[in-house]
Amino acid sequence: MQPVSLIAIYALFFAFSTFLVLPFGVRTADEAGVARVPGQAESAPAEFRPWRTVLRITVVASVLFGLFLLNYRYGWVTAETLDVFGGMKPVE
């Protein structure tokens with residue numbers, strides 16, 4: 001696989017991991033017991049730590065990307081594995 005392809009695939013895993021990680025560990029002002037800033041939404045986080053979030057996203061993306069590379073190398077899950085209706089035939 002080309003290095004540019006690897007970078008692009010990792011970027012996709014990073015973007016996908018962002019949506020996986022962001023909802024976890026967030027506490028609103030009411031949950032944290034602090035006063036809200038005037039005009040602040042009730043669902044806004046009381047304290048936002050971007051570097052901790054980036055670290056979590058990087059770890060999750062790296063693990064998923066590693067699993068992807070291992071699957072690419074060893075072929076654990078293939079298109080034929082996912083074909084539940086039997087419409088795909090292996091090319092001979």
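- Hydrophobic clustering of Ile, Leu, Val, Met, Phe, Trp and Tyr side chains at less than 4.5 Å, counting indirect connections, unites Val21 with Phe16.
- Side-chain contact between Leu69 and Ile9 is absent, with no heavy atoms from C-beta onward closer than 4.5 Å.
- Here the side chains of Asp30 and Arg36 are in contact, with some heavy-atom distance below 4.5 Å.
- Of the inter-residue distances, the one linking Ser17 atom OG with Leu12 atom CG reads 10.5 Å to the nearest 0.5 angstrom.
- Residue Glu47 holds its CD atom at 9.5 Å from CZ of Arg27, rounded to the nearest 0.5 Å.
- Between Phe68 and Phe13, the ring planes are tilted. Angles from 30° to 60° get that label.
- Ring geometry, Tyr10 versus Phe14: the interplanar angle falls from 30° to 60°, so the pair is classed tilted.
- Dense packing is recorded around CH2 of Trp76, with more than 12 heavy atoms of other residues, nucleotides or ligands lying under 6.0 Å away.
- Note: Gln40 CD to Thr28 OG1 = 9.0 Å, rounded to the nearest 0.5 Å.
- Taking both residues in full, the closest heavy atoms of Asn71 and Val77 are given as OD1-N, 2.7 Å, listed atom of the first, atom of the second, then distance.
- Phe19 and Phe24 are assigned to two separate hydrophobic clusters, defined by single-linkage of ILVMFWY side chains at heavy-atom distances under 4.5 Å.
- Leu22 and Val26 get closest at one heavy-atom pair: O-CG2, 3.1 Å.
- For the pair Leu6 and Phe65, the minimum side-chain heavy-atom distance is below 4.5 Å.
- Atom CD of Glu31 has more than 12 neighbouring heavy atoms from other residues, nucleotides or ligands inside a 6.0 Å radius.
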